[in-house]
Participant: 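Encoded as structure tokens, here's the structure I'll be asking about.
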Amino acid sequence: MAPGNVMGAAEELADQFLRVTKRYLPHIAHLCLISTFLEDGLRMWLQWNEQREYINMSWNCGMHLATLFVIFNLCGQLAGCVLVLTRKFVPYACFGLLGIIILQTVVYNILWDAKFLMRNMALVGGLLLLLAESRSEGKSMFAGVPNMGGTSPRQYMQLGGRVLLILMFMTLLHFNASPFTIFQDIFGLALILLVAVGFKTKLAALTLVLWLLVINVVQNAFWTVPSYRPLHDFLKYDFFQTLSVMGGLLLVVALGPGGVSMDEHKKKW
């Protein structure tokens, strides 16, 4: 089968998938996207004393400030998740979750760790896509913002969301001499570039979701590690962060690439 025919068949399969899952895909995307915030909020509750002691030891800020930090994270993340899932005040929930990402980036010294910083930025990309979706549903807090050259703020949010999401995949590249790893890196780079520029976007994003699903289950199987081992928490953290990025990619599939994309410009050619 010619490469063009293969691509056409793959796009037809992706379109069939979208037609079948159109009603359910946004809900699945939302649940995946907020999963890391939900897990972290519950962890603050279940590991209340450990979290307070860790913050106090790391910053020597006293137990009162450490307790306030844990309460803010617990309530902010769980409240944001509930609002997103119920589709109530979604823009405010997104900004609240964004504030928590920024706070955790500083408090946990993620700013100086390139891998964790890129993953946090990928989460920001998912929140931007969620904001773009809420704007399309008429729940925007940006009413009255003028369009620039016919391109709405929502379309720039979709562009920013796509670009930030691909940072997750940059942390998965290995750059070693193994033939399989070389193939995986080239294949992954091609897909993330397609998503970034918005070309064959839905097919590329859906392929990345499937690829991430396999990698997540194989590499981050925290359920196979006893809960008392530190590795369990590290794998669990990676698992839910990856799941959130998958949710962002599913939003790309559901919403499309937006106006600032090659797919959109092809319609004008």
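In what follows, residues are counted from 1 in the order of the sequence shown.
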Participant: Start with the C-alpha gap between Glu133 and Arg87, add the side-chain angles, then the distance that decides, and say whether side-chain contact (heavy atoms from CB on, under 4.5 Å) holds.
Facilitator: CA-CA 11 Å; Glu133 183 196 42; Arg87 299 198 178 195; 4.1 Å; yes
Participant: Using side-chain heavy atoms (C-beta onward) and a distance below 4.5 Å, is Ile110 in contact with Arg119?
Facilitator: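 They are not in contact (no side-chain heavy atoms under 4.5 Å apart), so the answer is no.
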Participant: To the nearest 0.5 Å, tell me how far Leu128 CG sits from Arg154 CZ.
Facilitator: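 Between Leu128 CG and Arg154 CZ, I get 13.0 Å after rounding to 0.5 Å.
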Participant: May I have the step-by-step check of side-chain contact (heavy atoms from CB on, under 4.5 Å) for Gln16 and Leu13, ending in yes or no?
Facilitator: CA-CA 5 Å; Gln16 288 180 8; Leu13 281 174; 4.2 Å; yes
Participant: If I compare all heavy atoms of Ala204 with all of Val195, which pair ends up nearest, and what's the gap?
Facilitator: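 Closest heavy-atom pair between Ala204 and Val195: CB-CG2, 3.9 Å.
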Participant: Step by step, work out the side-chain contact (heavy atoms from CB on, under 4.5 Å) result for Ile28 and Thr21.
Facilitator: CA-CA 10 Å; Ile28 296 171; Thr21 61; over 6 Å; no
Participant: Quick one: do Phe234 and Val225 end up in the same hydrophobic cluster if we chain Ile, Leu, Val, Met, Phe, Trp and Tyr together by side-chain heavy atoms under 4.5 Å apart?
Facilitator: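 No, because Phe234 and Val225 fall into different hydrophobic clusters, even though each may have its own neighbours under 4.5 Å.
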Participant: Is any side-chain heavy atom of Tyr237 closer than 4.5 Å to a side-chain heavy atom of Asp233?
Facilitator: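 Not touching, per the 4.5 Å side-chain cut-off.
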Participant: So if you build clusters from Ile, Leu, Val, Met, Phe, Trp, Tyr with side-chain heavy-atom gaps below 4.5 Å, do Val217 and Met246 land together?
Facilitator: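 Hydrophobic grouping puts Val217 with Met246.
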Participant: Throw together a table of side-chain donor-acceptor distances under 3.5 angstrom for residues 65-73, partners on residues two or more places apart or in other chains.
Facilitator:
{"residue": "Thr67", "atom": "OG1", "partner": "Arg52", "partner atom": "NE", "Å": "2.8"}
{"residue": "Thr67", "atom": "OG1", "partner": "Arg52", "partner atom": "NH2", "Å": "3.4"}
{"residue": "Thr67", "atom": "OG1", "partner": "Met63", "partner atom": "O", "Å": "2.7"}
{"residue": "Asn73", "atom": "OD1", "partner": "Gln104", "partner atom": "NE2", "Å": "2.6"}
{"residue": "Asn73", "atom": "ND2", "partner": "Phe69", "partner atom": "O", "Å": "2.9"}

Participant: Around atom CH2 of Trp45, are there more than 12 heavy atoms of other residues, nucleotides or ligands at under 6.0 Å?
Facilitator: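 No, because the 6.0 Å sphere around CH2 of Trp45 holds 12 heavy atoms or fewer from other groups.
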Participant: Are the side chains of Phe169 and Leu249 in contact, using a 4.5 Å heavy-atom criterion?
Facilitator: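 Contact flag for Leu249/Phe169 side chains = yes.
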Participant: I'd like to check Met44 versus Asp40 (side-chain heavy atoms, cut-off strictly below 4.5 Å). Are they in contact?
Facilitator: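 They are in side-chain contact.
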Participant: Check Thr105 against Ile101 and note the closest heavy-atom contact, atom names and distance.
Facilitator: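 Shortest heavy-atom separation between Thr105 and Ile101 comes out as OG1-O, 2.7 Å.
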Participant: Does Tyr108 have more than 12 heavy atoms from other residues, nucleotides or ligands lying within 6.0 Å of its OH?
Facilitator: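 Enclosed.
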Participant: Looking at OH of Tyr54 and CD of Gln47, how far apart are the two atoms once the value is rounded to the nearest 0.5 Å?
Facilitator: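 Nearest 0.5 Å value for the OH-CD distance: 12.5 Å.
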Participant: Given 3.5 Å as the limit, does a donor-acceptor pair link the side chain of Arg162 with the main chain of Pro257, or not?
Facilitator: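 Judged by distance alone, yes, a pair lies under 3.5 Å.
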Participant: Got a second to check how far Leu189's CG is from Ile186's CD1, nearest 0.5 Å?
Facilitator: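 Rounded to the nearest 0.5 Å, the CG-CD1 separation comes out at 8.0 Å.
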Participant: CH2 of Trp112: more than 12 outside heavy atoms within 6.0 angstrom?
Facilitator: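 No, not enclosed.
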Participant: Do you know the tightest heavy-atom contact between Ala122 and Val245?
Facilitator: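 Smallest interatomic distance, heavy atoms only, reads CB-CG2, 3.9 Å.
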Participant: Testing the basics here: between Leu83 and Val90, what is the closest heavy-atom pair and its distance to 0.1 Å?
Facilitator: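 Of all heavy-atom pairs spanning Leu83 and Val90, the closest is O-CG2, 4.1 Å.
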Participant: Any donor and acceptor pair, going by atom type alone, linking the side chain of Gln158 with main-chain N or O of Gly256 inside 3.5 Å?
Facilitator: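 Indeed, once roles are kept as given, a pair shorter than 3.5 Å links the two residues.
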Participant: Let me see the working for Val84 and Leu33 under side-chain contact (heavy atoms from CB on, under 4.5 Å), right down to the final yes or no.
Facilitator: CA-CA 10 Å; Val84 168; Leu33 183 56; over 6 Å; no
Participant: What class does the angle between the rings of His27 and His30 fall in, given that below 30° is parallel, 30 to 60° is tilted and above 60° is perpendicular?
Facilitator: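 Perpendicular: the ring planes of His27 and His30 meet at over 60°.
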Participant: Looking at every non-hydrogen atom in both residues, tell me the closest pair between Leu131 and Cys94 and how far apart they are.
Facilitator: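 Scanning both residues completely, I find the closest heavy atoms to be CG-CB, 3.9 Å.
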Participant: Would you give the length of the straight line joining atom OG1 of Thr201 to atom CG of Leu206, rounded to the nearest 0.5 angstrom?
Facilitator: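 If we round to the nearest 0.5 Å, Thr201:OG1 and Leu206:CG are 12.0 Å apart.
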Participant: Which heavy atom of Cys32 sits nearest a heavy atom of Gly247, and at what distance?
Facilitator: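 Looks like CB-CA, 3.6 Å.
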Participant: Kindly work out whether a path of hydrophobic side-chain contacts (I/L/V/M/F/W/Y, heavy atoms less than 4.5 Å apart) joins Leu42 to Leu97.
Facilitator: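 As far as the 4.5 Å side-chain criterion goes, Leu97 and Leu42 are connected within one cluster.
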Participant: Could you work out, with side-chain contact (heavy atoms from CB on, under 4.5 Å) as the rule, every residue matching Ser35, not counting sequence neighbours?
Facilitator: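 Partners of Ser35 by the side-chain contact (heavy atoms from CB on, under 4.5 Å) criterion, ordered by chain and then number, come out as Phe240, Leu243, Ser244.
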Participant: For residues Thr242 and Asn220, determine if any side-chain heavy atom of one lies less than 4.5 Å from a side-chain heavy atom of the other.
Facilitator: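 Yes, close enough: below the 4.5 Å cut-off.
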Participant: If hydrophobic clusters are built from ILVMFWY residues whose side chains come within less than 4.5 Å, do Leu165 and Phe187 share one?
Facilitator: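 Shared cluster, yes.
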Participant: Same cluster or not: Phe116 versus Leu103, using hydrophobic residues (I, L, V, M, F, W, Y) connected whenever any side-chain heavy atoms lie under 4.5 Å apart?
Facilitator: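 Yes, same cluster.
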Participant: Rounded to the nearest 0.5 Å, what separates atom CG in Asp113 from atom CE in Met118?
Facilitator: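 If I round to the nearest 0.5 Å, the distance is 9.0 Å.
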Participant: Using the side chain to side chain contact (heavy atoms under 4.5 Å, CB included) definition, which of the options Leu167, Val197, Val163, Leu208 pairs with Ile192?
Facilitator: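 Among the candidates, only Leu208 passes.
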Participant: Could you tell me if the side chain of Val106 sits less than 4.5 Å from the side chain of Leu111, heavy atoms only?
Facilitator: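 In short, these two side chains do not touch, never coming nearer than 4.5 Å.
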Participant: Do side-chain atoms of Trp59 reach the backbone of Val107 as a donor and acceptor pair under 3.5 angstrom?
Facilitator: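 Between the backbone of Val107 and the side chain of Trp59 there is a qualifying donor-acceptor contact (under 3.5 Å).
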Participant: Please examine the side chains of Met262 and Leu194, heavy atoms only from C-beta on, and report whether any two atoms are closer than 4.5 Å.
Facilitator: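 No; the side chains remain at least 4.5 Å from each other.
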Participant: Do Thr207 and Leu203 have side chains that get closer than 4.5 Å, going by heavy atoms?
Facilitator: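 With C-beta onward as the side chain, the pair touches.
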Participant: Can you tell me how far apart CD (Glu50) and CE (Met57) are? Round to the nearest 0.5 Å.
Facilitator: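 Separation between the atoms: 12.0 Å.
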Participant: Under 4.5 Å side-chain heavy-atom separation, chaining through any Ile, Leu, Val, Met, Phe, Trp or Tyr, what else clusters with Val214? Say none if it is isolated.
Facilitator: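 Cluster partners of Val214: Val218.
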Participant: Are there over 12 heavy-atom neighbours, none belonging to Arg23, within less than 6.0 Å of that residue's CZ?
Facilitator: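 No, not enclosed.
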